[in-house]
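Naming convention: chains lettered A, B, ... in sequence-line order (proteins, then strands); numbering from 1 in each chain. None of the values given here were measured: they were computed from a predicted structure.
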4 protein chains.
Amino acid sequence: MQAVVIHAPKDLRIDSFPDPAPGHGEVRVKIAAGGICGSDLHYYHHGGFGTVRIREPMALGHEIAGVIAAVGDSVSHLEPGMRVAVNPSQPCGTCVHCREGMRNQCLDMRFMGSAMRMPHVQGGFREHVTVAASQAIPIAEKLSLGEAAMAEPLAVCLHAGKQAGPLLGKRVLVTGCGPIGALMVIVARYGGAAEVVVTDIADAPLGVARKLGASLAVNTAIEASVLDPYRAGKGVFDVLFEASGNQVALRSAFDLVRPGAVIVQLGLGGEMTLPVNTIVTKELQLRGTFRFDPEFELALSLMGKGLIDVTPLITASLPFTSAVDAFELASDRSKSMKVQLTF
Amino acid sequence: MQAVVIHAPKDLRIDSFPDPAPGHGEVRVKIAAGGICGSDLHYYHHGGFGTVRIREPMALGHEIAGVIAAVGDSVSHLEPGMRVAVNPSQPCGTCVHCREGMRNQCLDMRFMGSAMRMPHVQGGFREHVTVAASQAIPIAEKLSLGEAAMAEPLAVCLHAGKQAGPLLGKRVLVTGCGPIGALMVIVARYGGAAEVVVTDIADAPLGVARKLGASLAVNTAIEASVLDPYRAGKGVFDVLFEASGNQVALRSAFDLVRPGAVIVQLGLGGEMTLPVNTIVTKELQLRGTFRFDPEFELALSLMGKGLIDVTPLITASLPFTSAVDAFELASDRSKSMKVQLTF
Amino acid sequence: MQAVVIHAPKDLRIDSFPDPAPGHGEVRVKIAAGGICGSDLHYYHHGGFGTVRIREPMALGHEIAGVIAAVGDSVSHLEPGMRVAVNPSQPCGTCVHCREGMRNQCLDMRFMGSAMRMPHVQGGFREHVTVAASQAIPIAEKLSLGEAAMAEPLAVCLHAGKQAGPLLGKRVLVTGCGPIGALMVIVARYGGAAEVVVTDIADAPLGVARKLGASLAVNTAIEASVLDPYRAGKGVFDVLFEASGNQVALRSAFDLVRPGAVIVQLGLGGEMTLPVNTIVTKELQLRGTFRFDPEFELALSLMGKGLIDVTPLITASLPFTSAVDAFELASDRSKSMKVQLTF
Amino acid sequence: MQAVVIHAPKDLRIDSFPDPAPGHGEVRVKIAAGGICGSDLHYYHHGGFGTVRIREPMALGHEIAGVIAAVGDSVSHLEPGMRVAVNPSQPCGTCVHCREGMRNQCLDMRFMGSAMRMPHVQGGFREHVTVAASQAIPIAEKLSLGEAAMAEPLAVCLHAGKQAGPLLGKRVLVTGCGPIGALMVIVARYGGAAEVVVTDIADAPLGVARKLGASLAVNTAIEASVLDPYRAGKGVFDVLFEASGNQVALRSAFDLVRPGAVIVQLGLGGEMTLPVNTIVTKELQLRGTFRFDPEFELALSLMGKGLIDVTPLITASLPFTSAVDAFELASDRSKSMKVQLTF
């Protein structure tokens, strides 16, 4: 079996990889589609992000879907041939955070394609993955496997949407319109926002956002003044989803949001210098959001029922043997939103 | 009538001041006690804070209490001789934020002793103030006027306590133990915290915090390692009240608080460089808190019933004619917690 | 000017009515459309509901829209010819509940067409109404005046939606599919529910609900067993909107909702005998919801942007001179959802 | 080994009982104290409550504490001689409710001394119990084993306190002053209520409530008018803890609580006829509360630190061989608050 393995920054290889038979309670999934995520790109370009670094070769990938190829002992609800999305998240179920219902904060989390723990948890850009049966979620007939592979980033955004509290009737700003920002437009729209404004410094993704239902999509590099009416009073947006990880984007939003606004930070931007006095005097709430838990199945359910359509985001699909080309393409925001590998 | 008026940094004078008769719906209060607040000290030392600067002479002071001296037309529930605390906050009652119950965020707020608007709203360090009758709140018999003058900072801290959500059974950290930090110890304790740890870099205020019921008071300049057990797992505190306005204090708490923790920022610290990745991955909530609204009357009620005792905080009282000495004393954290002027 | 006036149960007349010129801050609106509400029907059939009874003749109606006919002094943002919806709610703005942002709970509320206070507040089924300018809200060009007259019941349902907390991804049950239940289907759908099931004991309204996007519409009089799968475990619905005011409907839902579910009660059903042990052991939350406040403008905004379409609910429009026929028609659930009067 | 076993209403016996050695991960606890709970009394007087009935002999008791007598394999943090409270609750850890952090709603809960499932889960009124090591919680040195046996009902009340949301500064009413009502007085007081009023129809428990810090304790059988001032406006209490399970008590509170008030229902009262219109128009929230989860350890922590003192509630201790006398005594509210058995 072959896998897409990162060895060092810019050193991405197609390597042979072990292919264990499914054990008790496990299934083997023949992977069909795998989306390239921002963190995959970070490993590819920089060898990691923040304090997380690759310390041994690691298969990348955690947005994957495929077909059940084999089932291990005591797995009765799945059988070969079933189409599934693979949930890359495997919390321990017993630590203090799992017990209190914050399983995404598990103290002993195993998350596919992540170098956070050593040895690294190998990712899903492989011809086959063998996972716990509970990680393989059957999908609706009308969903393609490419769409199913979008369940993970959509789950991230549904979780972020929940962090914001009720969205019904809210005025929402999304800063940054990569795949996560674009999915936040979908989620804010689906969650009942009265208005969804999205900003970026590139035109191509803003065009996608318009198709997804954004009320207004603004290129702040060339037309920032379009946002001036939103500075009325102390600012008007109830909720900000910050999806760029860029300090400039976050700072520029502080006078667009109203007192008491919730700012949900999705983008991993490292150290940022922030106007804390504004947070204090406007009583803003800056909330982090990280991964997901029940939202993975919710994402599949909403797509499966046709309530959410992510297909406008999938801008290219390349064979996994062209992974380097795919990663380069995914890095070019003028051409790409979500790039997927096929297996 | 005389007042304590700031003209420029370090230029604090005892000036003559107009003393208008109470008009329709107003009362004149003979001031007895006025507490010196951190913002008063900012005006005294620096002429303001953040972007707020004194642009004309302004009487300082917004923590005041006294005795009704005269009442204007149509004021029936107050009469001369009644002891009152003066609420320095006067929201408009009709703007969007007042209508939605966030009166402390009023777009047309008049707050005593604040240079935020021009002309400035004159403060309460005067022999008499004339205010709307609704701003003069009668106090319980057993409260001293010095205690009543603590209603304002206690209200600030009760409001901050509410921003944190439920405190019952929570593990609470307070960073910074000036008057606001010390009041937060009182509020966290009163609000049902299971544990209240407070940090500072000076010993004197930590001694006061111990009297107020802190579980542990740590001088981080000399014994930071005492906090190491609180870093267990991903950190253990449920709530942080950051009352120092100091970036170092805030940053040092990020690995002491647990996933999903609420950080209530009270201290006005200007620009701070923060580890946003930690906010994201631990799903922290950084919430500003500003002033108060119904908490002013609540503060008087809780003190009046003997449920909260602020007297350990009042470390000195000087006549207002010695205002410069009082401001210098209040600036010396080794000697002072709250310094009040008497009139 | 003529108005539709209730004198006693079943005694609904077209009476002459005073038509005051707009005073300071007021406008006169020439009414075009007025929807008949359940409470109007209660006055018509029973002379009131609960403890509320008509004690003097009262013009009915509080779901109204029309065209500005004249403006009083100091009204600058409205002018004759503008199309407006009329907000029937006029809170005092100064009582304790107004100050805390619960204006719909105003202690001195004036609500059009309500016999709660004496003298009654006259309703809006008149050729002209004169109201405070703040009650006349301009509408989008593409909205018909009939749709605009739906702003009030839609606002009620948006407020109910907020009472439920976040709806994103929730499984929602709506019991009772009159106009309010049907609007709740719209709101639950708009607010991001993953599934919206609606029940009634009549087929006609369930047909409307299907058009509005209900996942499933069940006639519990003939096919109650269709709901059996929703009893799995301890029940599955996260949220119930009870819009029938019927004890049987409410009780039947207790084993369909999951532990911790929120039950929002919209229907005014008087005394009901409830299984309190189930509320206790499943930790259910039964929440009332009453009227609205900012949701009136939100309703107009969402309809005006084409995000919400209420036209399938408007099943008939009759001239106000045929009010008795219209009230009888509105009372026949096999034929009518919302019946409006035209003026 | 002997145990206190219920066979039928009024048929409570001291029976021989098996005493299994602790298995893997288990401990044997020599019981020292066991509190008689209202549900124990229901089994004793009526053979059950609601639909729950004893269908086989069952040892009663779930408020127990004692000393570790033996430990099974792989138990390293406990050893013989350690004093512990026994948590009677054993959720499965894997069902949907356990996964989402609502372990008290576990679909496969095992709760000591409960006839909800068949075979019944045997209770703790025995000379020894053998439980999972995770159920045996070491206690502070200064706690007596009688106090430790109060951890369970205190945990119930801490959980109820959390259901109410923030208590800081709230005006709280407690209806019913048995052991649960009395503990709610403690919890409301500890959680920062501004005022705690408690009602009952017996004088003895009200006397205890006064010792526990109630602002006002009212015998509604003889002085209901004392509550009249609390009916001002639309009512004034922010929170009601209903601990009587009595319809009259709950109904009488509807005009004492303010709009938007939270009513936490602890008392199991079966069918109650309620004024749903009042719930609707005042937008009340009636919330159930059931058992506890992390609050068991919190209860021990708060008592162990001396922050909460439950000793005034323990009105009698009798040897378990006098169980019938103890149950009769516990049933006499004029003499008893909490009666404990000793072993």
How would you list, by chain and number, every residue that makes a side-chain hydrogen bond (donor to acceptor under 3.5 Å, both in side chains) with D/E100, sequence neighbours excluded? C/R258, D/H97
Below 4.5 Å from any heavy atom of chain D, which atoms of B/A193 appear? Answer side chain, backbone, both or neither. backbone
Engaged part of B/L158 at the chain D interface, taking heavy atoms whose separation is under 4.5 Å: both
Nearest heavy-atom approach of D/P166 to B/G165 is CG-C, 4.2 Å
How far apart are the closest heavy atoms of B/L298 and D/A194, and which atoms are they? CD1-CB, 4.0 Å
Looking at B/E223, I'd like to know if its CD atom is crowded, meaning that more than 12 non-hydrogen atoms belonging to other residues, nucleotides or ligands lie closer than 6.0 Å. yes
Within a radius of less than 6.0 Å around CD of B/E297, do more than 12 heavy atoms belonging to other residues, nucleotides or ligands occur? no
Quick check on the interface: out of D/G191, D/A299, D/G161, who has the most heavy-atom pairs with chain B under 4.5 Å? D/G191
Can B/L168 and D/V187 be said to form a side chain to side chain contact (heavy atoms under 4.5 Å, CB included), step by step? CA-CA 9 Å; B/L168 179 62; D/V187 167; 4.0 Å; yes
Taking every heavy-atom pair that is under 4.5 Å apart, which of B/E295, B/R189, B/K305 has the most such pairs with chain D? B/K305
